[in-house]
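Only this structure's heavy atoms are used, side chains among them; waters, hydrogens and symmetry mates stay out.
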Amino acid sequence: MEIETRLFLICHAPLASSFHGVACHAFGQRLNDAVAIDVLSHHSREQVAELIEEAWLAAGAPSQVLLLTDLMGATPCNGASLWMGRSKDNLQIAGIAGMSLPLLLKALTYKPLMPAELAEHLLRSQADCGCRLEAISARVPPQHQQ
């Protein structure tokens with residue numbers, strides 16, 4: 001069995017579900033290899049990271065993940081970056097901010113690529129559609145510790 005990259009769509013509600021629905025329509029089938037996570041306005045980046053963790057576990061803890069978020073610097077993106085920064089054994093992960101429908105459809109088409117390779121391909125072929133995410137530390141700053 002060939003392992004493919006699992007896509008996690010992390011966007012302000014209801015964008016993730018909407019993108020997923022349109023992609024299902026475009027491919028004419030329910031897409032189980034794309035997970036939609038709709039982020040509500042009251043969610044913190046820590047809560048978003050927890051939502052991603054729960055979705056990742058519910059999806060069977062896939063070993064290859066590409067995170068796609070809507071806006072660089074917004075809570076979904078910051079939560080995705082935080083989740084990326086948490087160490088996970090044997091997990092290959094990459095992320096892109098600035099998701100669009102063309103970017104999503106291309107990601108679904110090229111999901112046999114490894115996450116980093118897929119992210120590079122998407123950014124090269126649609127450079128104006130997104131920018132690379134970087135992992136941030138999960139460490140809480142001293143002033144926020146209890």
Side-chain angles (χ1 to χ4, degrees), residues 1-123 129-142 144-146:
M1 183 173 100
E2 185 176 320
I3 297 175
E4 294 187 334
T5 296
R6 183 74 59 95
L7 306 178
F8 280 60
L9 320 177
I10 306 138
C11 304
H12 292 90
L15 284 176
S17 294
S18 297
F19 273 124
H20 188 269
V22 171
C24 289
H25 176 76
F27 283 90
Q29 63 183 338
R30 175 84 182 147
L31 299 173
N32 296 321
D33 45 6
V35 177
I37 300 170
D38 286 310
V39 176
L40 302 177
S41 61
H42 67 273
H43 284 146
S44 67
R45 73 179 189 163
E46 291 79 10
Q47 289 171 313
V48 172
E50 287 305 314
L51 289 172
I52 298 167
E53 180 72 14
E54 291 168 11
W56 179 70
L57 291 170
S63 61
Q64 296 176 191
V65 175
L66 177 66
L67 305 176
L68 299 171
T69 71
D70 50 359
L71 297 170
M72 181 61 126
T75 304
C77 177
N78 293 338
S81 292
L82 182 60
W83 187 77
M84 288 173 70
R86 296 179 178 170
S87 60
K88 306 211 181 312
D89 293 336
N90 302 318
L91 176 62
Q92 296 184 42
I93 189 167
I96 296 176
M99 186 168 73
S100 65
L101 185 57
L103 190 78
L104 173 58
L105 297 178
K106 187 170 268 194
L108 287 163
T109 302
Y110 289 94
K111 66 184 187 295
L113 296 174
M114 301 298 280
E117 212 179 353
L118 178 54
E120 282 301 317
H121 177 73
L122 294 171
L123 292 172
C129 289
C131 54
R132 178 175 301 285
L133 290 182
E134 298 296 333
I136 56 177
S137 173
R139 195 177 131 253
V140 177
H144 290 78
Q145 293 178 349
Q146 296 182 4

Only distances under 3.5 Å count here; give the side-chain donor-acceptor pairs of residues 89-97 to other protein atoms, sequence neighbours excluded, each with its distance to 0.1 Å.
none

Which atom pairs, donor and acceptor, lie under 3.5 Å between side-chain atoms of residues 16-28 and protein residues at least two apart or in another chain?
unit_1, atom_1, unit_2, atom_2, d
S17, OG, D38, OD2, 2.3
S18, OG, P14, O, 2.9
H20, NE2, L31, O, 2.9
H20, NE2, A34, O, 3.0

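Atom CG of L15 sits about 11.5 Å away from atom CG of L101, to the nearest 0.5 Å. For the atom pair L82 CG and Q47 CD, the distance stands at 11.5 Å (nearest 0.5 Å). Expressed to the nearest 0.5 Å, how far CD of E134 lies from SG of C77 amounts to 10.5 Å. Between the CD atom in E46 and the CG atom in L51 there is a gap of 12.0 Å [rounded to 0.5 Å]. The distance from atom NZ of K111 to atom CG of D33, rounded to the nearest 0.5 Å, is 4.0 Å. Atoms CD1 and CG, from I10 and L67 in turn, are 4.0 Å apart once rounded to the nearest 0.5 Å.
The shortest non-hydrogen separation linking L103 to G98 is CD2-O, 4.1 Å. Nearest heavy-atom pair, A55 versus I37, reported as atom, atom and distance to 0.1 Å: CB-CD1, 3.7 Å. Summarising the geometry of T5 relative to L66, their closest heavy-atom pair is CG2-N, 3.6 Å, with the distance given to 0.1 Å.
Not a single salt bridge (charged side-chain N to carboxylate O under 4.0 Å, His left out) links K106 to another residue, sequence neighbours left out.
Annotation: ring pair (Phe, Tyr, Trp, His ring centres under 6.0 Å) contacts involving residues 31-54, sequence neighbours excluded, are absent. For the side-chain hydrogen bond (donor to acceptor under 3.5 Å, both in side chains) condition, the pairs that include at least one residue of residues 68-77, sequence neighbours left out, are H12-D70. The side-chain hydrogen bond (donor to acceptor under 3.5 Å, both in side chains) contacts involving residues 48-62 comprise E50-R86, E53-W83, E53-K88, where partners must be two or more places apart or lie in separate chains.
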Could you walk me through whether V48 and I52 pass the side-chain contact (heavy atoms from CB on, under 4.5 Å) test, one step at a time? CA-CA 6 Å; V48 172; I52 298 167; 4.0 Å; yes

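For the pair I136 and R45, the minimum side-chain heavy-atom distance is below 4.5 Å.
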